[in-house]
Amino acid sequence: MYHVMIVDDELYARTRLKVDLCLERDGFLVDQEAANGQEALEKIRYICPDILLTDMRMPGMNGVDLIAQVKKMYPDLPVIALSGYEDFVYVRSSLKLGAIDYLLKHDLNREVVLEALQKCAEQIRQSQQKEKDTQILQTYWQNSEKESQRQLVLSLLNGDAIHPEILSEQLPFLIHGNNIQLILMQLDNIHKLEQEGGKIELVMLSPSILSILQEVIRQYAQGIIAEIGGGEFVTLISFEGRNSQQYFWNISRQLVQSLRHNLEKYTNLTASFVLGKLVQQPSGLPSCYRQTRQEMSLRYLTGHGSLIDVSESRTMNPGKFVTLDTVAEKQIANAVERRDHEHCMAAVQAVFDGLLHREADRTSCQIICLELLNLVIRNIKAIPLSNELQEFCTLMRVEILNSDNIQENRRLIVSAYNRLFDFFKTADRFSHYNSNTIKALEYVHAHCQDDLGLDAVAGKLNVSKSYLSRIFSHDCGKSFTEYVACYRVEQAKVLLAQGVTIKEVAERVGIGNQSYFFRVFKSYTGTTPHGWEKKK
């Protein structure tokens, strides 16, 4: 059971989260509360909750100040921010400070809160597992034949004093060479790899990676590759008796290409690389390593499989925070209001071009993406039948926060805006629909997997069955039963495209009998679910 503290100056909001949402049955006990940030800090000191859920607007110490204090005093305590649409400035600040997620108070329901809490629980489990993994890994490295060389490389990169005889014995090429090249390699999608295979499994793969890549290095120069941790590897090579800068540049590039090719060929993994500046002595390695690690942060902008050359890099501005330009925001908002798809997408594209040009950091890019997504939500909030698009945007928010690649975030935002304009095309006709038809459609969309007989829906709307049947057919151009069947087939297509099994699809669209599901699906698509999957 995870203990949750809710911080909100409104008693109703605290009570709703504690009682109405029934979170305890899913392992989350909201048994601690505070009315403001200062009170929360005092209680956290003695109560030590597992998860903190805080409102942004509060008298005295607001949510942003509370998160700042919590992250300073209890850096491992997961925090979820609560805000309204108009409070995105608070959201921006909370995410910068390390909040794991944010929830819109307008859309607060059990499913949304539970999803965020489960994300926090997963972070707690990963933190606990990390401690266990560390102990296992320490034992693993202590028993590794390569550990002495690995520790020596780590000492070199840290700038520790090393006796020349030890260095000459274990890494002689660094002593006799006069040009040393440092190449930093970072496995792509490291968080995803750890989640899928586990950190231990990934580390157990390291000897194979090291063996494969060490053999590649021998073909080009004297050198060594060592694992630093977290999917990071450092290669040190020396060019003894060579002085041509062009030669160094060519060999380093060829080596990286060969490392990349063999890594993908034998392990099916990809990586990004940074070529450090040449140093003349081992004493120059610590500053070179720091610079290459700083340059590796550009990988978020350049994408997976990048090759970054320090000698070609522009001057970086570490810590520079970039926000969404108000002019760009207005251009996008005006284009959406005019239903001008072309100009809207051009403005969105310009935002991402600006992020790349200004070399914005990951947090800046993610927050700007969330602001762009927030514009979509604001524009559909009052439009009927927008629930599906809102749910889609909720999924996009999660993917944006988990992404380590700006190109992926660009794709997500473009997808959201394309969905928005597709929605506009179908939403215009809703203005001519009877209000009860709209309510019936919203009910169908929200309860697709339930029993959707005309009698039941008419009862929910407090209208007669014959009346609902008449106005529904008039507005939609098809009977209620036909519409439900058609909608379920369309939802089934989406689920099949996501790789959901046919049995589960049938259940999730409200047709538990698979034989009947096959008949309905084929009557609307002309093929069976299996046939449709093959075509896709």
Side-chain angles (χ1 to χ4, degrees), residues 1-37 39-40 43-44 47-58 62-64 66-67 70-71 74 76-88 90-95 97-127 366 370 373-374 377-378 380-381 386-402 445-447 449:
M1 184 72 70
Y2 294 96
H3 295 271
V4 182
M5 173 180 280
I6 171 67
V7 187
D8 199 309
D9 59 318
E10 296 180 5
L11 177 60
Y12 169 75
R14 301 200 304 272
T15 304
R16 182 162 182 253
L17 283 165
K18 287 177 62 178
V19 181
D20 296 352
L21 298 186
C22 303
L23 299 167
E24 186 173 353
R25 67 190 187 197
D26 290 289
F28 299 96
L29 181 60
V30 187
D31 58 348
Q32 301 152 18
E33 61 179 289
N36 55 63
E39 181 184 347
K43 289 188 174 182
I44 291 172
I47 299 175
C48 300
D50 298 310
I51 300 170
L52 182 68
L53 201 157
T54 178
D55 188 22
M56 290 289 96
R57 285 181 178 266
M58 294 184 292
N62 63 29
V64 174
L66 172 61
I67 294 173
V70 166
K71 285 302 175 183
Y74 314 98
D76 295 328
L77 176 60
V79 180
I80 300 171
L82 288 173
S83 77
Y85 290 116
E86 68 279 5
D87 298 335
F88 204 85
Y90 289 108
V91 172
R92 183 189 298 117
S93 300
S94 69
L95 291 173
L97 292 168
I100 195 171
D101 203 349
Y102 77 95
L103 306 179
L104 296 170
K105 297 184 77 172
H106 305 70
D107 296 331
L108 217 55
N109 57 51
R110 187 175 184 279
E111 289 72 22
V112 170
V113 175
L114 187 58
E115 181 183 351
L117 290 174
Q118 287 172 339
K119 187 188 296 185
C120 292
E122 179 60 27
Q123 179 175 294
I124 294 170
R125 285 192 291 269
Q126 288 180 4
S127 179
Q366 288 180 329
L370 292 175
L373 199 62
N374 202 39
I377 297 173
R378 287 210 307 263
I380 61 174
K381 189 64 181 176
S386 62
N387 288 343
E388 289 176 43
L389 185 50
Q390 292 180 47
E391 291 173 5
F392 174 79
C393 289
T394 299
L395 293 174
M396 292 300 98
R397 184 193 73 199
V398 174
E399 292 194 40
I400 286 169
L401 290 173
N402 291 335
H445 291 195
H447 301 84
Q449 64 187 95

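These numbers come from the heavy atoms of this one structure, side chains and all, not from hydrogens, waters or symmetry mates.
- Rounded to the nearest 0.5 angstrom, H3 NE2 and D50 CG are separated by 6.0 Å.
- Checked options L82, L52, D55, T54; the residue passing with I6 is L82 (criterion: side chain to side chain contact (heavy atoms under 4.5 Å, CB included)).
- What you find for G63 and M58 is that their closest heavy atoms are N-CE, 3.7 Å.
- The minimum heavy-atom distance between P78 and I124, with the atom names listed, is CG-CG1, 3.8 Å.
- At a threshold of 4.5 Å between non-hydrogen side-chain atoms, the residues V79 and L66 do not count as touching.
- V7 and G37 make their closest contact through CG1-N, 4.3 Å (heavy atoms, listed as atom of the first residue, atom of the second, distance).
- Between R14 atom CZ and L53 atom CG the span is 13.0 Å, to the nearest 0.5 Å.
- Counting heavy atoms from C-beta outward, I51 and F28 have side chains that approach closer than 4.5 Å.
- The heavy-atom pair separating A81 from M56 by the smallest distance is CB-CE, 3.7 Å.
- Closest non-hydrogen pair, P49 versus L77, comes out as O-CD1, 3.3 Å.
- Of all heavy-atom pairs between N62 and V64, the closest is OD1-N, 3.1 Å.
- E39 places none of its side-chain heavy atoms less than 4.5 Å from the side chain of E33.
- Between the CZ atom in R16 and the CD atom in E10 there is a gap of 11.5 Å [rounded to 0.5 Å].
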Just distance, no hydrogens or angles: give the donor-acceptor pairs under 3.5 Å from side chains in residues 392-400, sequence neighbours left out.
unit_1	atom_1	unit_2	atom_2	d
T394	OG1	Q390	O	3.0
R397	NH1	Y102	O	3.2
R397	NH2	D101	OD2	3.4

Where do L401 and L370 land on the side-chain contact (heavy atoms from CB on, under 4.5 Å) test, with the steps shown first?
CA-CA 9 Å; L401 290 173; L370 292 175; 3.8 Å; yes
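- The side-chain heavy atoms of M5 and K43, taken from C-beta on, include a pair separated by under 4.5 Å.
- E122 has a carboxylate O that lies under 4.0 Å from a charged side-chain N of R125, or vice versa, which qualifies the two as a salt bridge.
- Rounding to the nearest 0.5 Å gives a distance of 10.0 Å between CG of L23 and CD of Q118.
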